[in-house]
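Have a look at the structure below before the remarks.
Computed from a prediction, not measured in an experiment: that's the story for all the values here. Side chains included, hydrogens not; waters and symmetry mates left out as well; all remaining heavy atoms used.
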Amino acid sequence: MRINSKRAGQAVLLGLLCATTSTLASAQQQSDPTIIVDGTPIEDFATLAKGPEIKGIISARSGEKIKVTTAAGANTTIIVTDATQIKSGGGFLSGNRAKIAANGLLNGLPVTVKTLQSASGLVASHITFKNNDMKTATMIRNGTAQQFDEQTAATEALRGRMGDIDKYNIKSTANVYFDTGKAMLSVQAKEELCSTAATAEATENALMLVVGYTDSVGDEEYNQQLSEKRARSVINYLQQACRWKPYRMLTPTGMAESDPLASNDTEEGKAQNRRVSVNILVSKSLDGI
């Protein structure tokens with residue numbers, strides 16, 4: 001395990017959360033690349049009456065429908081079609097144009113949706129979001145429900161923290177490493193995880209963010225599952241053996257072979273990439289209080 005300085009920890013997590021961790025990076029320049037989402041067209045938008053503007057997070061997906069949950073807890077189901085335009089501004093895509101498929105609208109993504117009223121229900125004419133929010137939603141997508149009937153406590157916890165994720169200071173980052181294809185913690189890793197938990201416990205108002213990774217060996221689906229399994233192993237040990245409280249843990253996730261620490265062209269580099277990062281965060285509003 002390597003424990004970086006506050007500055008190094010910030011650099012690692014900033015890269016992970018894309019100019020964060022999570023949301024409202026007002027200092028960044030804004031751009032409005034238009035992204036056309038594939039779907040099934042219904043009526044001509046020109047013939048539809050204007051509907052309400054919905055602001056919230058995407059809390060569930062089912063086919064071409066998304067469910068948006070507001071800060072007050074109200075749920076609205078909205079249809080996404082071929083004609084729906086998605087605009088993203090700021091963040092890591094600032095200044096660039098891109099296209100994403102409908103499945104790019106991930107659970108946990110804060111959005112503003114302009115709607116139209118149709119016989120089939122509310123239809124999205126425009127969906128806007130910030131690009132650093134998209135990166136965060138990608139990171140935590142496996143901790144939220146992906147279907148309407150799979151809502152969990154993780155979704156509720158996410159809603160409470162999603163909007164403030166970029167308002168955290170990164171106090172330090174520690175990495176634990178794994179053998180190829182394995183998610184079992186070594187004796188050394190267990191000792192160092194409890195040491196990290198002790199450090200976090202001594203840090204006022206600290207939370208933990210745990211993210212799993214793999215090297216480039218194996219296909220995408222396998223690595224995604226492996227990175228999630230590694231993150232869960234770390235979470236379980238931190239909570240069960242190191243007594244870290246669950247309510248002080250941000251939603252964990254797996255990022256497969258994304259954001260490698262070293263080149264996957266060498267065995268040494270792959271060894272560094274088979275890791276779980278444990279990030280100690282403190283809300284900027286509470287840091288130093």
Side-chain angles (χ1 to χ4, degrees), residues 18 22-26 28-138 140-141 144-152 154-156 158-166:
C18 221
S22 290
T23 359
L24 309 177
S26 59
Q28 295 178 339
Q29 292 182 342
Q30 300 294 309
S31 64
D32 283 325
T34 298
I35 305 167
I36 306 301
V37 174
D38 294 333
T40 302
I42 50 175
E43 299 97 330
D44 182 354
F45 277 8
T47 67
L48 301 180
K50 184 177 180 180
E53 182 176 276
I54 309 296
K55 294 183 179 181
I57 69 166
I58 297 176
S59 55
R61 296 258 338 262
S62 180
E64 294 174 354
K65 295 180 180 179
I66 60 174
K67 181 186 288 185
V68 178
T69 301
T70 68
N75 295 313
T76 303
T77 300
I78 304 170
I79 302 168
V80 178
T81 78
D82 280 341
T84 300
Q85 292 188 345
I86 299 181
K87 296 184 178 181
S88 60
F92 72 103
L93 288 179
S94 181
N96 295 307
R97 301 180 65 83
K99 292 186 178 182
I100 60 175
N103 60 9
L105 295 174
L106 301 173
N107 286 352
L109 179 66
V111 292
T112 298
V113 185
K114 293 183 179 180
T115 68
L116 299 170
Q117 298 177 358
S118 78
S120 303
L122 289 180
V123 180
S125 60
H126 294 80
I127 301 176
T128 59
F129 61 87
K130 291 182 173 63
N131 286 308
N132 54 334
D133 288 353
M134 171 62 83
K135 182 65 175 179
T136 301
T138 300
I140 62 177
R141 67 187 181 278
T144 62
Q146 290 298 317
Q147 299 295 332
F148 288 177
D149 59 352
E150 296 177 357
Q151 298 307 304
T152 64
T155 303
E156 293 303 313
L158 169 65
R159 184 175 59 176
R161 289 169 172 166
M162 185 68 190
D164 293 328
I165 195 77
D166 71 329

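Atom CD1 of I66 is separated from atom CD1 of I57 by 11.5 Å, given to the nearest 0.5 angstrom. Within the model, atoms CD of Q85 and NE2 of H126 stand 4.5 Å from one another, a figure rounded to the nearest 0.5 Å.
Under the 4.5 Å side-chain criterion, counting only non-hydrogen atoms from C-beta, L122 is in contact with Q117. Taking the side chain as every heavy atom from C-beta outward, I54 and T112 never approach each other to under 4.5 Å. Between V111 and T128, every side-chain heavy-atom pair lies at or beyond the 4.5 Å cut-off. The shortest distance between side-chain heavy atoms of V68 and N75 does not fall below 4.5 Å.
Applying the side chain to side chain contact (heavy atoms under 4.5 Å, CB included) rule to L116 yields the partners F45, L48, S125; only residues at least two apart in sequence or on another chain are considered.
The backbone N or O of A124 sits less than 3.5 Å from a side-chain atom of T84, completing a donor-acceptor pair.
The shortest heavy-atom contact between S120 and I79 is O-CD1, 3.6 Å.
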